[in-house]
Number of protein chains: 2
Amino acid sequence: MGSRKTTPLNNPTLENLHCSIELKTEKLGMVPFFQDLKQPELDKVVEKFSANHFSEGDEIYYQEDPAHYLRVIVEGAVKLLRYTDEGKDVVLDILNPGSYFGSLKLLGSDVYTESAVAQSGCCILSIGLKDFKEVLQEYPAVSIALLESSSEKLRASQEQVKQLTTQSVEKRIANILLTLSGKFGEEKDGGTLLQLPFSRKDLADMAGTTTESASRVMSTFQKEGIIETGRQWVAIQDIERLRSVTKS
Amino acid sequence: MGSRKTTPLNNPTLENLHCSIELKTEKLGMVPFFQDLKQPELDKVVEKFSANHFSEGDEIYYQEDPAHYLRVIVEGAVKLLRYTDEGKDVVLDILNPGSYFGSLKLLGSDVYTESAVAQSGCCILSIGLKDFKEVLQEYPAVSIALLESSSEKLRASQEQVKQLTTQSVEKRIANILLTLSGKFGEEKDGGTLLQLPFSRKDLADMAGTTTESASRVMSTFQKEGIIETGRQWVAIQDIERLRSVTKS
DNA sequence: CGTATCATTGAATTAAATCAAGTCCAGTGG
DNA sequence: CCACTGGACTTGATTTAATTCAATGATACG
């Protein structure tokens, strides 16, 4: 029981330096919908992106702001969420490097339908929608690959709907931990550490529950030896048992 | 109270005749992502589609079947749903004419992630994914318009997530009735009639609740004079009051 | 150290699910 | 045309998962 509760995060405090033009080419090539581009084509596309650094907690954009950019994460994590009128936050997703977000409304103008917050310090590339439209027109393969990514996002959202309507809070939280460990987990002395700064409230807002309920579930998991957890961090000790929680 | 409970549906029993090649061109031109095509281009695209009729309750495809087609509704309504292991059905959407569904996985192969059932008799156009890929490569404008549609679907799914996590069953049902009346409603003696065959179970599966709860909410709405309802049909009498239910 | 923020835990409450009869209607077949 | 029947719908009583309310405990950070 006397488990370590101090944070095991090494808090990299990503500097602006890391968010440089050099990184851009390297990372953009890893984005799924640019993978088909040849190097010279990619170089031309990269020029249209600009890089920005955001610190933990920074708002990247706010829901209902006019949407002008498509963004790609080079480093760090971004939380997409909707603030509701009733004051509850709904976390739609937490994105890892290589993911895109922002707007794809290339025809006419639009507003963002969700807010984006830097979950950790991060480096983000942005491209104006007009420029991006030109890219799509020039390289149809990018459009097609992007359609796939877009379908995949829809699929993930529908999975979320399914879980919300059919599964208990405990199972939803187990699923979220599994998903996040896949995206952000790092192997560490026999377990998978989530380096994300990640509070009970974040977890609750992802699972569609309350911080108290999330806390109770996490306590149970910890007592059962499935996870180790403390303030803003989680380490999964027994991933198989966590998987078995989602079933049954 | 002695309200009519007999069905006001005129049960059109859409015949196969109606699902003809003539209709195809006319209707495909109305699909959002083909709207930019000129008539000769559209004609060429139309040729690649084939038309099929489905009767109410027919399964159009089943989740996890290999996905080979993209489909467009010409007439009728299609229910997209996921059957869960626990035996609960989750209705993701009910689509109206002009909507597309099926798969957009143009690279590599894939399986359907949801099932599709004809909610009413309907006429569906299908195009093989290889053919559709060629269309996209030839007409980049279609890709771009399709990306918009795809984003819109994601937005709708995220809205569903938001509602499931923050709103009561009563509000979710009110919202569903409003959405459906927008898609399928027909003006009829001072109210909006939903011609859809649409059971309490369908409603419950859309709202993520039980038939009993859905029935209770519908009874309340009826007692309050907001709707008229019977077996498989709903007429919205006081849309303003229904809207006010979703707020507050 | 002190303090703000995050996390936990317990008790009371509640929305909705479940369990259990019923009723009502549309279509059937005599 | 009417009685019959099965599926759709309703309603009530009970149970339960999760929220809400209310303290208290722990930890990172200045």
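Atom set for the values below is all heavy atoms of this structure, side chains included, hydrogens, waters and symmetry mates excluded. This is a predicted model, so every value here is computed, not measured. Here is how names work: the chains are called A, B, and so on, in the same order as the sequence lines, proteins then strands, and each is numbered from 1.
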From dT8(C), dA16(C), dT20(D), nucleotide with atom closest to K88(A) side chain: dT20(D)

statement: In whole angstroms, the gap separating C1' of dT10(D) from CZ of F221(B) amounts to 16 Å

field: Any residue meeting salt bridge (Lys or Arg N to Asp or Glu O under 4.0 Å) with E152(B), in chain and number order, not counting sequence neighbours
entry: K105(A), R155(B)

- prompt: OP1 or OP2 of dA16(C) less than 4.0 angstrom from a side-chain nitrogen or oxygen of S213(B), does that happen here?
  reply: no

- request: Would you mind listing every salt bridge (charged side-chain N to carboxylate O under 4.0 Å, His left out) that reaches into residues 202-218 of chain B, with sequence neighbours excluded?
  value: K79(B)-D202(B), K201(B)-D205(B)

query: Will you find, in the side chains of E159(A) and N175(A), an N or O donor that is under 3.5 Å from an N or O acceptor?
result: no

query: With sequence neighbours left out, what residues match N96(A) under side chain to side chain donor-acceptor pair (under 3.5 Å)?
result: S99(A)

- line: side chain to side chain donor-acceptor pair (under 3.5 Å) filter on S157(A), not counting sequence neighbours, yields S157(B)

statement: When rounded to whole Å, the CE to P distance for the pair M218(A) and dC6(C) reads 16 Å

query: Is L70(B) close to Y100(B) at the side-chain level, that is, under 4.5 Å between some pair of heavy atoms?
result: yes

- prompt: Out of dT8(C), dT20(D), dT11(D), which has the shortest distance to the side chain of S215(B)?
  reply: dT11(D)

statement: Whole-Å distance, E228(A) CD to dA7(C) C1', equals 15 Å

field: Results of side chain to side chain donor-acceptor pair (under 3.5 Å) for S150(B) - residues two or more places apart only
entry: S150(A)

message: Is T210(B) close enough to dA17(C) that one of its side-chain N or O atoms is under 4.0 Å from OP1 or OP2 there?
response: yes

- request: Would you kindly give the CH2-to-P distance between W233(B) and dC24(C), to the nearest whole Å?
  value: 16 Å

- prompt: What's the closest nucleotide to the Q232(B) side chain, out of dT9(C), dC9(D), dT19(D)?
  reply: dC9(D)

task: Describe the nucleic acid contact of S219(A) in one word from base, sugar-phosphate, nothing, applying a heavy-atom distance below 4.0 Å.
output: sugar-phosphate

task: Grab the CZ-P distance between R200(A) and dT9(C) for me, whole Å please.
output: 10 Å

- prompt: Is any side-chain heavy atom of Q119(A) less than 4.5 Å from a side-chain heavy atom of E56(A)?
  reply: no

Qualifying residues under side chain to side chain contact (heavy atoms under 4.5 Å, CB included), relative to Q63(A), sequence neighbours excluded: R82(A), Y83(A), S115(A)

Provide a list of protein-nucleic acid N or O atom pairs under 3.5 angstrom, restricted to nucleotides 21-25 of chain D.
residue, atom, partner, partner atom, Å
dC21(D), N4, E212(A), OE2, 3.3

query: Hey, can you pull the residues of residues 163-174 of chain A with a non-hydrogen atom under 4.0 angstrom from DNA chain D?
result: S168(A), V169(A)

message: In this structure, how many angstroms lie between the C1' atom of dT8(C) and the NZ atom of K201(A), rounded?
response: 17 Å

- prompt: Taking only residues at least two apart or on different chains, which pairs with a member in residues 165-183 of chain A satisfy salt bridge (charged side-chain N to carboxylate O under 4.0 Å, His left out)?
  reply: D93(A)-K183(A)

- request: Could you pull out all residues at least two apart from S103(A) that satisfy side chain to side chain donor-acceptor pair (under 3.5 Å)?
  value: none

statement: When the rotation axes relating C1' atoms of four end pairs to the next four are compared across the helix from dC1(C)-dG30(D) to dG30(C)-dC1(D), five pairs an end, they differ to 10° by 40°

- prompt: In chain order, what residues pass the side chain to side chain contact (heavy atoms under 4.5 Å, CB included) check against E240(A), with sequence neighbours excluded?
  reply: D238(A), R243(A)

- prompt: Reckon T211(A) touches a base, only the sugar-phosphate, or nothing at all at heavy-atom distances under 4.0 Å?
  reply: nothing

Nearest-Å distance for atom pair CG/C1', residues D205(A) and dA7(C): 15 Å

statement: When rounded to whole Å, the CD to C1' distance for the pair Q222(A) and dT8(C) reads 11 Å

